There are 2 protein chains.
Amino acid sequence: MAHNQFKHLAMGDIAKKAGVCMATVSRTLNNPDRVSEKTRNLVMKVVEDMGYIPNRLAASLRQGRSRNIAIMLPDITNPYFSPIVRTIEQISLARGYSVILKDTQDDPALERSFAEMVKTRQVDGIITNSQRIPFDVDLTLPLHEQLPPIVNASEFCDLDGIPKVGVDNVAIGKDAAEHLLGFGHRRIAVITGTSHILSSQQREKGFRAALLQANVSFDEKLLYQGDYSCESGVAGVRAIMQLKERPTAFFCFGDQIAIGALHALRELGYKVPEDISVIGVDGIALSQYCAPPLTTVAQPLTQIGEYCATLLIDLIEGKQPEKLVHILPHQLLIRASTGPAPK
Amino acid sequence: MAHNQFKHLAMGDIAKKAGVCMATVSRTLNNPDRVSEKTRNLVMKVVEDMGYIPNRLAASLRQGRSRNIAIMLPDITNPYFSPIVRTIEQISLARGYSVILKDTQDDPALERSFAEMVKTRQVDGIITNSQRIPFDVDLTLPLHEQLPPIVNASEFCDLDGIPKVGVDNVAIGKDAAEHLLGFGHRRIAVITGTSHILSSQQREKGFRAALLQANVSFDEKLLYQGDYSCESGVAGVRAIMQLKERPTAFFCFGDQIAIGALHALRELGYKVPEDISVIGVDGIALSQYCAPPLTTVAQPLTQIGEYCATLLIDLIEGKQPEKLVHILPHQLLIRASTGPAPK
DNA sequence: TGCATAACGGAAAACGATTTCCACAAAAGT
DNA sequence: ACTTTTGTGGAAATCGTTTTCCGTTATGCA
């Protein structure tokens with residue numbers, strides 16, 4: 001009713017005009033090499049002249065696939081995801097897929113409802129940052145026979161057999177800790193990510209392991225449960241700096257946390273890194289513009305996106321990927337927010 | 001071929017199992033009130049038990065609409081867009097639409113190709129930040145008869161009759177300038193947004209008007225063409241601070257520019273706001289965590305998203321909106337990056 | 001000249017829901 | 001008891017492609 005002003009040509013109209021049959025038009029559009037050059041040019045010309053654009057819904061219905069993929073994120077405002085999403089878009093486009101982006105706000109119900117888009121045939125597969133797999137699975141049966149094409153990005157669910165792309169968060173926690181230990185820090189505070197999130201737990205694990213290995217004990221009062229937001233960085237610093245025995249360094253499990261922490265430390269009058277060092281994780285673009293520029297353990301965000309998209313589309317198209325799990329290398333970016341521990 | 005492991009029930013299967021006809025199943029699912037409670041419960045139970053989920057592609061094909069909308073952005077990594085996109089998603093979801101997000105990288109060809117998704121019936125409408133309308137229009141005919149549902153967000157094309165949601169950028173330029181003038185600044189540098197973008201041109205216009213009105217002349221050497229990126233903020237400051245006659249304030253046409261500018265000023269050893277004031281535009285979430293917290297002219301980002309989504313969906317559904325153009329109020333957030341001009 | 005191959009036409013099934021048309025029954029109203 | 005509603009069944013058209021199944025003609029090659 002609404003917008004009939006756009007008369008939609010059907011393939012039959014083109015066929016009639018060009019004096020060929022529909023099959024030929026379809027072949028010309030989808031398998032150009034199966035049509036003689038002469039007919040191809042003829043059909044193409046008519047298509048151009050009349051401005052025909054095939055209805056992809058019809059094609060999708062017939063072919064049983066939509067050539068769309070979905071990305072589920074807990075929070076698209078987190079700049080961590082931007083480069084990942086952008087890369088996924090680029091690769092998908094190159095391979096003929098469109099991307100549907102979803103902000104699930106970490107809500108299981110929303111995750112499941114979005115996941116239904118696979119069942120409704122609106123998308124052919126899903127890239128998800130959630131460690132909850134939004135499909136019912138029977139653990140006694142092989143997973144890949146029950147799940148639609150799905151790739152776990154950055155955050156991993158604990159099921160084996162689910163394709164995953166991300167980093168080694170235990171190692172990240174260790175590397176960050178060792179960087180601070182190397183500067184002589186012994187009282188290191190931690191502002192974690194969202195507590196139920198695996199990446200946060202693993203970074204904590206790596207952190208503790210590094211301390212243990214260096215024979216440094218950890219004061220549990222120096223641990224603040226954050227949630228990967230700037231706000232939790234602010235709150236964490238405020239809480240911890242009230243302690244009698246203050247830390248000389250903060251290990252923030254995300255760059256956004258670190259940005260908030262830097263802000264709060266500034267407010268309280270501390271100098272970074274002279275009084276207190278701060279290290280983050282993620283390597284978001286803005287981290288280099290912090291005051292001071294943030295030392296951080298950078299993730300290969302573009303690469304994560306690249307692997308996710310490639311993996312998912314391979315799965316969709318039935319190409320068996322050689323590897324289902326990709327753990328990509330991280331990199332410690334030493335900038336100005338960390339320095340020697342004060343005496 | 002790829003994933004037949006998911007046997008897809010069709011509506012006929014449900015009808016048979018429930019002992020009713022397909023029309024009844026369809027009615028139950030789409031117009032529950034046109035079916036007796038008894039049959040409704042029966043059908044619903046079968047639907048639940050068998051886990052039936054209707055194929056939306058088929059429905060879309062038949063109904064001639066996909067219940068998808070597209071958002072075209074030049075750069076999804078710009079945190080300016082995040083709250084807008086998130087709000088659009090929320091409203092769309094509530095009204096039964098899915099959102100397809102596109103990063104066009106300001107490329108006209110990409111914009112056009114994405115816009116074709118309307119013609120291929122993959123989306124019912126578009127929200128675009130580009131001032132290029134990616135459809136051919138005949139200016140002698142009424143626009144609304146030629147264009148599919150489309151809404152211009154934040155950046156406006158120069159055609160009348162296109163639905164638009166945004167702010168008054170001339171006023172924003174004026175307000176920012178007057179704030180600095182009020183602090184006694186007379187040499188104010190400007191780092192603009194992308195030069196061909198209307199919002200940047202208008203902010204400049206407002207800025208110049210305010211100076212003129214205050215009887216302050218503008219030194220053209222204090223104008224640096226940026227592109228809304230952090231990098232251009234850095235570059236702008238470096239270029240302008242090499243001048244013999246330096247400014248006492250920077251008006252950055254975007255918060256990202258301002259973040260880069262703050263960074264570069266810090267590198268050069270200037271104190272903000274004691275030596276130099278900096279004001280931004282946009283009011284992105286991170287602006288409050290800058291060092292010092294950024295004075296900025298904030299846009300009502302959530303509201304922009306809200307109006308865009310509502311407007312577009314109303315257009316799609318044939319409801320004639322009362323207003324096609326919404327200019328929403330901005331707000332000067334005075335924080336710590338601006339202060340009195342040094343003597 | 002003969003024959004394999006390629007190119008294309010014609011017609012129709014298929015994808016899976018929506019929607020219409022008509023008939024017919026049961027429930028509700030007068 | 002008679003007329004309206006209301007609810008439902010049965011069957012089929014429809015959306016616009018893709019794809020198959022032949023059959024036919026043109027082309028190329030030996």
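Computed from a predicted model, the values in this text were never measured in an experiment. Per chain, numbering begins at 1; letters A, B, ... match sequence-line order.
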**Report entry** For atom CG of A:Leu42 and atom C1' of C:dG9, their distance in whole Å
**Finding:** 14 Å

Report task. Decide whether A:Ser199 and A:Glu155 meet the rule of one side-chain donor and one side-chain acceptor closer than 3.5 Å. Result -> yes

**Report entry** Check: B:Pro134 and B:Phe114 side chains under 4.5 Å, non-hydrogen atoms
**Finding:** no

**Report entry** Atom-pair distance (CD on B:Glu37; P on C:dA27), nearest Å
**Finding:** 15 Å

Requested in this report: May I ask you to test the A:Val85-A:Leu73 pair for a side-chain heavy-atom distance under 4.5 Å?
Outcome: yes

**Report entry** Interatomic distance, A:Arg132 atom CZ to A:Ser130 atom OG [nearest 0.5 angstrom]
**Finding:** 4.0 Å

Query raised in the report: To the nearest 0.5 Å, how far apart are CE in B:Met117 and OG1 in B:Thr120?
Result: 6.0 Å

Query raised in the report: For the pair made of NZ in B:Lys119 and P in D:dC15, what is the distance, rounded to whole Å?
Result: 22 Å

Query - Test item: A:Asn31 side-chain N/O and A:Arg27 main-chain N/O as donor-acceptor pair under 3.5 Å - result: no

Query - Spacing of B:Lys38 atom NZ relative to C:dA26 atom P, expressed in whole Å - result: 11 Å

Query raised in the report: Whole-Å distance between D:dT18 C1' and A:Ile14 CD1?
Result: 16 Å

Report task. Indicate for each nucleotide in nucleotides 16-22 of chain C, in 5' to 3' sequence, whether protein heavy atoms under 4.0 Å reach the base (B), only the sugar-phosphate (S), or nothing (-). Result -> BBBB---

Query raised in the report: Quick one: do the B:Thr87 and B:Glu306 side chains pair a donor with an acceptor below 3.5 Å?
Result: no

Requested in this report: Quickly work out the A:Lys16 NZ to C:dA11 P distance and round it to whole Å.
Outcome: 12 Å

Report task. Would you check if B:Pro148 and B:Lys119 make a side-chain contact, meaning some heavy-atom pair closer than 4.5 Å? Result -> no

Query raised in the report: How close or far is atom P of D:dT17 from atom CZ of A:Arg121, stated in whole angstroms?
Result: 21 Å

Report summary line: Intra- and inter-strand pairing of DNA chain D, written as dot-bracket with Watson-Crick and G-U pairs under 3.5 Å and | for the latter, reads ||||||||||||||||||||||||||||||

